[in-house]
K.L.:
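Handing you this structure, nothing more for now.
These numbers come from a predicted model, not from an experiment.
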Amino acid sequence: MARGSSSSVRATKWWSFELACLALAAATAVLGVSAAVPFAADLAHCPKSCGGVNISYPYGVGPGCFRPGFEVTCNRSTRPPKLFLGSNDTTTEIVQQYPWGIVQASIVFNIAIRPDGAPGTTYNISWEALGRNLYAEYSNMVMVGCGIEAYMFAATDPGNMLGFCESTCSDMAAMENWAEGRPCSGMGCCSIRFKTSFRLSIIQKEEALPTAVANATVKAFATDHVYFFSTADLLSDTVNESTIGASTVYLRPVITDQPNCRKAKKDKQYACAASSCWDDDDGRSGYTCFCTSQHDDGNPYIVGPGGCSQAGYEPSHDKLNCSRTCGNTSIPFPFGLEPECSATAKFQLNCTSSQLLTQRSYVQYQVVNISVEEGLLSVNRTYDPKHFLDNSDLIMEDTDFSELYGIWKWAISNTTCDLAKNQNHTSYACISANSECTNVTDGHVYIGYRCKCSQGYEGNPYIRNGCNDINECLMIPYLCTETCYNREGSYNCTSCPQGTWFDPVQRQCTSSKHRSLVFVVAIGLGSGFGVLALTLSTTILIQQWKRHARKTIRRAYFRRNKGLLLEQLIVSSEKSATQSTKIFSLDDLEMATNDFDSTRIVGCGGHGTVYKGILSDQRVVAIKKSKIVEQSEIDQFINEVAILSQIIHRNVVKLFGCCLESEVPLLVYEFISNGTLYDLLHGDLSARCLLTWDDRTRVALEAANALAYLHSAASIPIFHRDVKSANILLNDSFTAKVSDFGASRSISIDETHVVTIVQGTFGYLDPEYYHTGQLNEKSDVYSFGVILVELLTRKKPIFLNCFGEKQNLSHCFLQTLPDKTTAQMLDPQVFEEADEREIDEMASLAEMCLKLRGEERPTMREVELRLQLLRGKVTKKNQQDLHVDKETEPLLLSEANANSCTQHIELGKISSPTTRESTRCYTMEKELVSWSDLPR
């Protein structure tokens, strides 16, 4: 009776676990097959069974047959052969393997207790779950024996005790009356719950044992159900399936290469061949793969026969009476609004209030555009709960789930083109004549296959006769210099018959006699006028041909740079963004920059060249010509424009728009007239700096305010990654503007850092970021600390000392703090204008920002608050000094100083009174002399 009950409980738990897995798999919609996932044909040589137990990947026997960490061994010395985990484990026998890599294993230990053993004798056993890649579900370790104490510890952490139990025995009659058929209660047996690998210590106690069990062994075995005590088990000398019922446990595989699904998909060792990945939710680091279909028992770790099937695609669902629009968005097949109008349920969408919606992992998105030709969807995120959809099983992969906007790649199935053609012709998606199959990848991750029209055709390859011939002769003017004839899928350029010539105006062959008559009339009007007219006509024709050819090339670039999708994103975004963000034509920007004249160049950097331009509406702008040339980076460029168009801050350079008609995208920013903070500080060291101490504290505060906004106040946190004085611009009123977001990265709100290729400028680069590659907000804080030191010392981040050696400014600054010699590095102008307390506060803040460990640095919001306090003190002191000056004597300006002031006003660089009243300049030699007088 007890055994039957336990079997029923085990079956109930197994089906509950399977249903939970299916529910989680149905909520996952990301498809990816990496280079680490084998094809079924690659495993054809591997053993398929051992002693009646099936063996399927990721488990395997022999080289090339298993994923690292999932090796199993077939012991053929027994009859029948037995399958064990690992290469040396003889205690964990695999009894059966289920779909998705779950195995049923038998874990049994026999421990002989010596009758003459002294109390306190310890017996140790351990179990390691195949390289810690397996996870035991609902498992107990049961010890059947008398006079023992059992202590269980984690195998990877000996100080972590997982549990303790104690078993005692009285006389046999009492145990038969009280404990027989009851769950383990400490009489005759005890149990400890476990999930991961463990080490078990069994200690023999001093206890008078019943004669019948005095020489018995302790039986330890794992089970996933409640064990009901039996005196027969206590008296048996060995433990096997006949004596201990179902002494088994279910083990679930966990891939531990990466901590979660999101990071795993970016790894070349990504294990999932099917469209579902589940983060481990038991506090461990790893993930598990599942097939998406609730009726699919395939293997999610392989591609091809035996893997997760994607059957059910119905080309016949394209019907005439199906609705193919929702609002202003068209819905091409295989997508549809009704089940009978979409190829599968995975492509079914919902139209609510003229908005086309789809669901992914409990987050709802508005579909803005569907591109059948490129296999892309452009989407916006929406939060309206009344639009919640039931269908979440779409095969889609978006660029970044944290973005408000995204571009998703989609595929028909996760199989390859060859398998799709050969396995099932009735569900093959590319049914149109003149269509072909293409594999879809995202970096190194394989997504699946989709269809496209063959070259020379356009249309929908998923419907019959959907791909139609392109008339190149009409679509591309002046494709041929002679007669153009369109043909199916292509075109021909042919010469005119003898006696005729090609008229480029009429676009046809005309008689040579007519041509001669034109020449005779032209000669008759005068040789001079004729030559001039002919030259002018030829020039106009050539210009027209070049103009049309240029337009054709620009349209091609616009299309390659995803211009249509970006237009949809901008149109569908908020009104505040559309009023300030625009897609410019290349003609507009060429006119604004005098065809990108070299004299208009105002700056060059690692991410492109910046030109000064004047738009037709008389706005002065800065146009950045990027160096991006790879298609994968152009996809990221679209998301970057969508992010930057949302940033509205007085201390961040505003993005007016972009141009996509050139080979590389162009960005249009507001023009900042007074150059960079770097130029003002390090331009002419022999002259007095135009920035007073009051100006420097204000510029530092404004730059900190902008960075704090990007880190914590923007809708999507953004790390600048290249904070330096050359990227802080100053406008006509000397207001600071943070610029150059070419290296910036946006992250989701729940992330603290991202792992990227190290980028930045030496002298400003965060040492922790340089060594770990982990970019976080504290990396920008370190770079800002270098700028504070620049404002104090007026020295470059990498400067030459008096011996001509290169020195790191931040290192030299930090070395002077312990021995109080910082004053030797200060700019004499700062030493003259600021008091000691203000300098100490700025230096102290710079020291905090330059901590080597990021966790010890303040946030940009804290830096901003500290600078606000310092700025208040400086402003208050300046007001008091001005009041005293007015009371003591009138302000008189000499003729020389007046001329100097006039010069500053003409340049539009008005600084504080202290700057205009002083004409003192310092050379490097004078600075060194003045520093030698300071206390050390």
Side-chain angles (χ1 to χ4, degrees), residues 258-259 263 266-268 443 604-608 627-628 630 633 636 640 676-678 681-682 700 703-704 706-708 710-712 717-728 738-748 751-793 795-801 805-818 825 843 845-863:
Q258 294 292 336
K263 292 186 177 180
K266 302 177 181 178
D267 185 17
K268 293 184 179 180
C604 295
H607 302 285
K627 294 181 180 179
I628 298 175
E630 295 185 6
E633 296 187 27
Q636 182 66 26
E640 180 182 350
T676 68
L677 177 61
Y678 182 92
L681 288 177
H682 311 304
L707 293 175
L710 295 175
H711 287 185
S712 57
I718 298 173
F719 299 156
H720 190 284
R721 197 158 58 157
D722 197 16
V723 176
K724 57 184 178 180
S725 57
N727 285 339
I728 297 178
V738 177
S739 68
D740 196 350
F741 289 84
S744 301
R745 284 295 304 269
S746 61
I747 67 166
S748 58
E751 285 185 317
T752 59
H753 68 273
V754 292
V755 178
T756 70
I757 299 175
V758 176
Q759 292 188 28
T761 303
F762 282 109
Y764 297 92
L765 196 60
D766 175 15
E768 188 175 57
Y769 169 44
Y770 177 79
H771 288 291
T772 65
Q774 293 186 356
L775 176 70
N776 55 45
E777 63 173 329
K778 299 301 182 67
S779 302
D780 286 348
V781 174
Y782 182 92
S783 303
F784 185 77
V786 179
I787 294 177
L788 293 180
V789 179
E790 284 185 82
L791 292 171
L792 284 170
T793 64
K795 292 184 181 296
K796 297 180 180 180
I798 303 297
F799 69 97
L800 297 177
N801 61 13
E805 300 172 340
K806 289 186 177 181
Q807 297 289 316
N808 184 286
L809 178 61
S810 59
H811 291 177
C812 293
F813 174 77
L814 293 176
Q815 289 174 355
T816 63
L817 293 176
M825 295 187 64
L845 181 57
E847 180 186 12
M848 295 172 61
C849 295
L850 294 176
K851 294 288 187 181
L852 290 180
R853 294 172 57 87
E855 59 188 19
E856 297 178 358
R857 303 171 198 156
T859 64
M860 282 309 306
R861 182 62 66 192
E862 294 170 345
V863 173

K.L.:
Check G763 against N808 and note the closest heavy-atom contact, atom names and distance.
P.N.:
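So the minimum-distance heavy-atom pair works out to CA-ND2, 4.2 Å.
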K.L.:
For residues I728 and T676, determine if any side-chain heavy atom of one lies less than 4.5 Å from a side-chain heavy atom of the other.
P.N.:
no
K.L.:
Closest heavy-atom contact between G785 and C849?
P.N.:
CA-CB, 3.6 Å
K.L.:
Does any part of the side chain of P797, heavy atoms only, come nearer than 4.5 Å to the side chain of E790, both counted from C-beta?
P.N.:
yes
K.L.:
Taking all non-hydrogen atoms of both residues, which atom of N776 and which atom of F719 are closest, and how far apart?
P.N.:
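Nearest heavy atoms, N776 then F719: CA-CE1, 3.4 Å.
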K.L.:
Measure across Y782 and L765 and return the closest heavy-atom pair with its distance rounded to 0.1 Å.
P.N.:
CE2-O, 3.4 Å
K.L.:
Here's a test for you: under side chain to side chain donor-acceptor pair (under 3.5 Å), which of K778, Q774, H771, R857 qualifies with D766?
P.N.:
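Going through the options one by one, the only one that passes is R857.
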K.L.:
Could you give the distance from CG (L710) to CD (E777), rounded to the nearest 0.5 Å?
P.N.:
11.5 Å
K.L.:
Are V723 and Y764 side-chain neighbours, meaning at least one heavy-atom pair lies under 4.5 Å?
P.N.:
no
K.L.:
Would you give the length of the straight line joining atom OG1 of T761 to atom CG of D722, rounded to the nearest 0.5 angstrom?
P.N.:
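Interatomic distance, T761 OG1 to D722 CG, rounded to 0.5 Å: 4.0 Å.
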K.L.:
Taking side chain as C-beta onward, heavy atoms only, is K806 less than 4.5 Å from L800?
P.N.:
yes
K.L.:
Between T859 and H711, is any pair of side-chain heavy atoms under 4.5 Å apart?
P.N.:
no
K.L.:
Kindly check if the number of other-residue, nucleotide or ligand heavy atoms within 6.0 Å of CG (L852) is above 12?
P.N.:
no
K.L.:
Over all heavy atoms of both residues, which pair between A706 and V738 is shortest? Give the atoms and the distance, please.
P.N.:
CB-CG2, 3.6 Å
K.L.:
Would you give the length of the straight line joining atom CD of E768 to atom OG of S779, rounded to the nearest 0.5 angstrom?
P.N.:
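So the CD of E768 and the OG of S779 are separated by 7.0 Å.
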K.L.:
Atom OG of S810 and atom CD1 of I798: how far apart are they, to the nearest 0.5 Å?
P.N.:
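Interatomic distance, S810 OG to I798 CD1, rounded to 0.5 Å: 7.5 Å.
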K.L.:
Look up atom NZ in K795 and atom SG in C812, then write down how far apart they are to the nearest 0.5 Å.
P.N.:
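The SG atom of C812 is 9.0 Å from NZ of K795, to the nearest 0.5 Å.
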K.L.:
Do N727 and H720 come within less than 4.5 Å of each other through their side chains, counting heavy atoms only?
P.N.:
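N727 vs H720: side chains touch.
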K.L.:
Taking all non-hydrogen atoms of both residues into account, name the closest pair between P858 and M848 and its distance.
P.N.:
CD-O, 3.6 Å
K.L.:
Between F813 and L850, is any pair of side-chain heavy atoms under 4.5 Å apart?
P.N.:
yes
K.L.:
Less than 4.5 Å apart, any side-chain heavy atom of M825 and any of L809?
P.N.:
yes
K.L.:
Measuring from E847:CD to L788:CG, what's the distance to the nearest 0.5 Å?
P.N.:
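Separation between the atoms: 12.5 Å.
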